[in-house]
Every structure is written in structure tokens, then in C-alpha cells.
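Counting starts at 1 for both ligands and their atoms, in listed order.
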Amino acid sequence: MSVAEDSQAKLAMDYDRSKEIKAFDDTKAGVKGLVDAGIVEILRMFIRPIDELAEELIQVKSTLQVPVIDISGLEVEDAHKKIVDEIREASEKWGFFQLINHGIPSSVLEGMVDGTRKFHEQDAELKKEYYSLDRTTRRVRYHSRIQLSQSKTANWRDSLNIARMVSGQIEPEEIPPVCRRAYVEYLKHVIKLGETLADLLSKALGLKPDHLKAMECAKRQGMACHYYPACPHPELTLGVDKHTDPSFFTILLQDQSGGLQVMHNNQWVNVEPIEQGLVVNIGDFLQILSNDKFVSINHRVVAKKVGPRISAACFFTGVFEPPKLYGPIKELISAENPPLYKEFIAGDYITKFFSKPLDISDSQAEIAMDYDQSKEIKAIDDPKAAVKGLADSGIVDIPRIFIRPPHELAEELNMCKSSTLQVSVVDLSSIEVEDRRKKIVDDIREASEDWGIFQLINHGAPSSVLEGMTDGTRKFHEQDAELKKEYYSHDRTTRRVRYQSNFQLIVSGQIEPEELPAVCRKTSVEYLNNVTKLGETHFDLLSKALGLKPDHLKAMECAKGQAMACHYYPACP
Ligand SMILES: O=C(O)CCC(=O)C(=O)O
Ligand SMILES: [Fe+2]
């Protein structure tokens, strides 16, 4: 087993990320291309960093729901006021809400989802001409992940992007034929809804209805039409990393698959799809303009075993040309509420946004790439102070060699929470009585067959001896580090008593008491005498449980050689 793990670790060391990314990119077939090729394992570039996966293990899943706002009564004064209040509250507390009864016909919404599916599912050759990583010159392009090579983990999705950064009005002929009509139709409606929203958001900020519109916030739009294929290992990757949007606000259409999550009170909240609903989120620009009254909140999409999931985000980004300065709105700042941000140019902001990985903590990824395992092991080995030494030195992060491989951590996520079953307990009392002995043999047989492990009680070893043993072990590990050092060794073949990092005191072969560390000598000898005797009894019982003569295993000298490993598990940060 450990051999396989070793080779995995070596493989990890040999991993050439840029080669993998290039090979993937050269296919121009995106993530869908991988799935169509029938992959069973996902490429390393899609696997999230280990510390992220580990964090996921301790995350609590929220049962809260993003606010749902019905805007059907916009023309009625009272209803209008209520809608503005709801939008204010949601924008302040969540940065996210869902709109229902927004007036966009369901046929238009369905057409948009369908058109996106058709684009991504058309012949790979036809899609290739749109494949490009160049954001600055291509108005319509299809790609897998924004600037893949710089991000720490590639995302399990493909996107078709319609002009955000490139100047000029998009002409319908530029949109791929399979989805052209549907997109033009949807854009018309969603832009109108965007204008209504700009009006409502202005009022929610306590401004005149046309304030945001006059600032041309809703003027420019960009669309990203996503396709999240089914994923063979959804727990290892993400549909899209957590991020906030570089926009004033975003209107998102999602199909019924689910997977979008927003961060709220430090928990991921699922944005449950609503038939014909639209998701709205406040982007970074509006957070800045509102001087933090409204919040631009982290969101992400989880990968799933079933797919595809389809969504289309329409970003309202304001004008880029001529460059226009945006900053906290004058009416919203005062002596008590001074501006928290400098002015910025929308185009520059977006350029910066896309020149960094979606998730900002990228330095971590770089560190991960430079990792030298043998150096780390040597650094832990050299002080001869083992794990306890690390704990004593007050580490806050655990060294990388202790971190389990991502596959294992992810598997842990999938496992049902720890079982409530109990390992069998075998009571050895009154073992001299024939009936009792028969019952004990039966119990041992059953436990050995079903579990391979069981607990013994009333085994006859005095509690003082047991306590002495744990106490002696603690004393050994907690004695002065200098005194322990002489026992520190990885040499299994010549050292009969040795202590090592990973990380026990091991005693093997025929031991003379003097060889044992002074601090636990008496207790270990005492315990060994008891446990050896118990071992003999036990082999006798096991022989019978196997249906053999009582001394069968003893005659084979099974009980003859013993080794002891005395462990010490320090607290772990
Ligand atoms: O696909 C989604 O639901 C979210 C997409 C998204 O967050 C984005 O495009 O910025
Ligand atoms: Fe987003």
C-alpha cells in the first residue's frame, strides 16, 4: 500500500504543469473535449490545492436562502416602495438576490439556455475557430478558463464570451450562428431589465432614480455563456473558483441544475434555481460607488457528477471609452462616512482583474510549485525532536509532508460521517470455567471474522501496569529533548531500541532492560511481562477459534517474538 502512495508522491513531484496546460489548450476542445474523450481521472491542473480541499472538510453547509424578490408590481406605488426596500436589504446583507416576475418571457430564457447548449455541443471543429485566450482583440471567443496559465487551478467549465473589453458595438453576425437569434433576443430583454435595475438600485441607495444611469453604469454589457460538463471527480475541482464580479451588477440566468453558491456569514449558501428566475449580484464597482453600503460577495460554482449545467452571466460594466473615472458617489459620502476608495477606470480595473487568478491567494500556488519534499523531511529529521518538537516550537501551519494527498482528503468528504458502530468487546473473565471459555472462543472467532479487531476486558493485566505503561511512554516523549536524541534513528536493522520521527519508540528483538530508556524502563519491563503472558493465552484462544488444537499457534512459535511501538500523538494545529 505504501509503495503505491510513494509512487503517487513521486509522480506529484515530476508534474509539469505548463506542459499539461499547453496540451489541454492545443486541443481547443475545452473541458467538454476531455469528457467526450471519456476520461476517468481528472487532469492535475483541475485539482484544487490541498489546503483548500482540507478546508472544505470543516465547512458547515448553510440552509439559508438568498432573498427572492418579486418585481411584478413595479408600477404600483406601494409595491414599488416595497421592492426598493427589499433590494436595499438584499444588496446590503447578501450582495445577491433572485428576481421573479421580471417580465422576460420564458421562451426567451429557454432560448438563451438552449442556444448556449447548442454552441458548446456543436461539432468541435466548428467551435475551434472561436477558441482564443486573447481577451483584448477577440470580441466573441470561446475558451476554457480565463488566462488559464496564471490561475492556480483550472475550472471545470467552458465559456463563450461576448465582448466586454473590446471596443465597438457587437454586430449580430459576429455571434456564432447556432445561438445568434437567441442571444440577440435575450440581450435586448436583459439590457432593458438592467436599466430598470439601475433605477431601482439608485433609489435603494437613496439617490435620484436616474443617478446610476446618468453615470452610464448600465451602458456597457458583456456576456459569459458557461457550460459546466459532468465531472468524474467533482469533489476535487470547481466549476468556477470563488470570486467577486468586476462589474456594477450582474444578471445571471441559470438552468435548473444548481451548483452556484454564495458566501454568507462565512458559509456557502446554495442559490437554488427558480424556474424563470434570474439571479442578480452586486459587483465590485457598485460596492465602491456605494462606499461599501452594498457588497460585492464571493461566489463560486461547484462541479457535479451529472451535467451539463448551463448559465449565462450578463455583466453591466459601465463605459470604457473614453476612459471614465468612477469612485464613491459624492452624495453618499460625508465627514462621518469618508470615501473608502480612490477613483478608478473601469477598463483598467477589469484588465487588472483578469491578470490575476480568480482567487487571490495565488502566492500559495507558487509556493506549492516550488515545494522540495526531501529538504522538508531533512529539516524535520535533523533536530531529532520529531513531531513533538514541531508542536513545542509553536508551529501554526503543519509542514506539507504531513498533509494527506488531495484524493484522500476529497474521499473523506464523500464518506458518511463517522459510524456509530462499536468494535466488539470480548470479556476474558472466568476463562478457567469451561462454558465461559467456549463462549470467549466463539466471541473471538466472530470478531476476528467480521472485524479483524476487538477490545479485551478483564484480561488480568493489573491497571497499575497499564497506567505505568502509558505514563512511561509519555515520560519518554516528554523528557528533555537532549536526552531523547541519542535514541533517534531510522536504522531498523541495527538499533534495537530507537525513537524516530514518524514517530514512535520502537522496541524489538530480545531486549535487555538496560537497553531501554531509563525513564520508562521499569514500567515497560513490567508491561511486557504481562502482555507477553496475555499474548500466549490469546494464541491459545485463537487456535481454538480457528478450530485447531489449543497449542497449534504456540507450537508454530507465533507468540514468541514481540515488538513494541510506543506512540505519542502531539496536539495538531
Ligand atoms: O455560472 C454561474 O452560475 C456563475 C458564473 C459567474 O459567477 C460569472 O460568470 O461571473
Ligand atoms: Fe461571477
Side-chain angles (χ1 to χ4, degrees), residues 30-32 66 91 94-99 109 112-113 115-117 119-120 135 141-148 151 153-165 183 186-187 190 194 220-231 234 237-264 268-287 294-304 306-317 349-350 353-354 356-360:
V31 176
K32 182 168 187 305
V66 164
S91 303
W94 284 83
F96 262 84
F97 49 90
Q98 298 215 59
L99 288 183
L109 304 178
M112 184 66 202
V113 170
T116 301
R117 179 199 300 273
F119 172 81
H120 288 282
R135 306 179 13 258
R141 66 193 180 89
Y142 140 71
H143 62 98
S144 203
R145 189 67 170 84
I146 312 140
Q147 297 202 335
L148 200 52
S151 59
T153 316
N155 288 165
W156 201 258
R157 79 167 181 194
D158 299 331
S159 303
L160 172 65
N161 274 53
I162 314 278
R164 207 137 52 127
M165 273 303 284
Y183 279 24
Y186 178 75
L187 264 168
V190 84
R220 196 190 164 81
Q221 308 84 26
M223 287 250 293
C225 310
H226 307 300
Y227 185 92
Y228 301 85
C231 179
T237 188
L238 281 173
V240 67
D241 281 336
K242 71 163 190 242
H243 67 282
T244 57
D245 287 355
S247 63
F248 284 100
F249 55 85
T250 305
I251 300 181
L252 178 93
L253 167 64
Q254 62 168 337
D255 71 5
Q256 298 300 301
S257 312
L260 174 63
Q261 298 183 329
V262 309
M263 189 44 95
H264 185 73
W268 287 113
V269 175
N270 290 324
V271 181
E272 299 296 348
I274 298 177
E275 205 90 49
Q276 294 177 49
L278 287 168
V279 180
V280 176
N281 63 291
I282 304 298
D284 298 350
F285 300 172
L286 197 50
Q287 169 159 353
F294 289 174
V295 287
S296 175
I297 291 296
N298 265 319
H299 51 287
R300 68 177 190 181
V301 175
V302 295
K304 293 204 170 178
V306 289
R309 169 181 187 269
I310 287 161
S311 71
C314 184
F315 306 94
F316 291 81
T317 52
Y349 189 102
I350 292 181
F353 180 90
F354 286 111
K356 68 170 173 57
L358 272 193
D359 183 355
I360 305 154

Asn155 (side chain) donor-acceptor with Asp241 (main chain) under 3.5 angstrom: yes
- request: Could you tell me the residue and atom name of the protein heavy atom closest to atom 3 (O) of ligand 1, and the distance to it rounded to 0.1 Å?
  value: Arg309 NH2, 2.8 Å
- prompt: Relative to the heavy atoms of Val301, which atoms of ligand 1 are at a distance of less than 4.0 Å?
  reply: 1 (O), 2 (C), 3 (O), 4 (C)
- prompt: Quick one: does Leu252 get within less than 4.0 Å of ligand 1, heavy atoms only?
  reply: yes
task: With Arg309 as reference, evaluate Gln256, Gln254, His226 under the side-chain hydrogen bond (donor to acceptor under 3.5 Å, both in side chains) test and give the passing residue.
output: Gln254
- prompt: Which of the numbered atoms in ligand 1 are below 4.0 angstrom from a heavy atom of Asp245?
  reply: 10 (O)
message: Please verify the inter-ring angle class for Trp94 with His264; under 30° counts as parallel, over 60° as perpendicular, anything in between as tilted.
response: parallel
task: Using a strict cut-off of 4.0 Å, indicate which atoms of ligand 1 neighbour a heavy atom of Ala313.
output: 9 (O)
- prompt: Is a side-chain N or O of Gln287 found less than 3.5 angstrom from the main chain of Ser296, in a donor-acceptor match?
  reply: yes
message: Please list, in number order, the atoms of ligand 1 under 4.0 Å from a heavy atom of Phe315.
response: 8 (C), 9 (O), 10 (O)
- prompt: Pro308 and side chain to side chain contact (heavy atoms under 4.5 Å, CB included): which partner among Arg117, Arg157, Lys32, His120?
  reply: Arg117
statement: In short, Pro273 meets Gly258 closest at the heavy-atom pair CG-N, 3.5 Å
message: If you compare all heavy atoms of Ser144 against all heavy atoms of Asp158, which two are closest, and at what distance to 0.1 Å?
response: OG-OD1, 2.9 Å
- prompt: When you measure from the side chain of Ser247 to the backbone N and O of Asp284, does any donor-acceptor pair fall under 3.5 Å?
  reply: no
Sub-4.0 Å heavy-atom contact, His243 with ligand 1: yes
statement: ligand 1 to Tyr228, heavy atom cutoff 4.0 Å, flagged ligand atoms 1 (O), 2 (C), 4 (C), 5 (C)
- prompt: Restricting to N, O or S atoms of Asp245, which is nearest to the Fe ion (ligand 2)?
  reply: OD1
query: His299 near ligand 1, heavy-atom distance under 4.0 Å?
result: yes
query: Any idea which protein heavy atom is nearest atom 9 (O) of ligand 1, and the distance to it?
result: His226 NE2, 2.7 Å
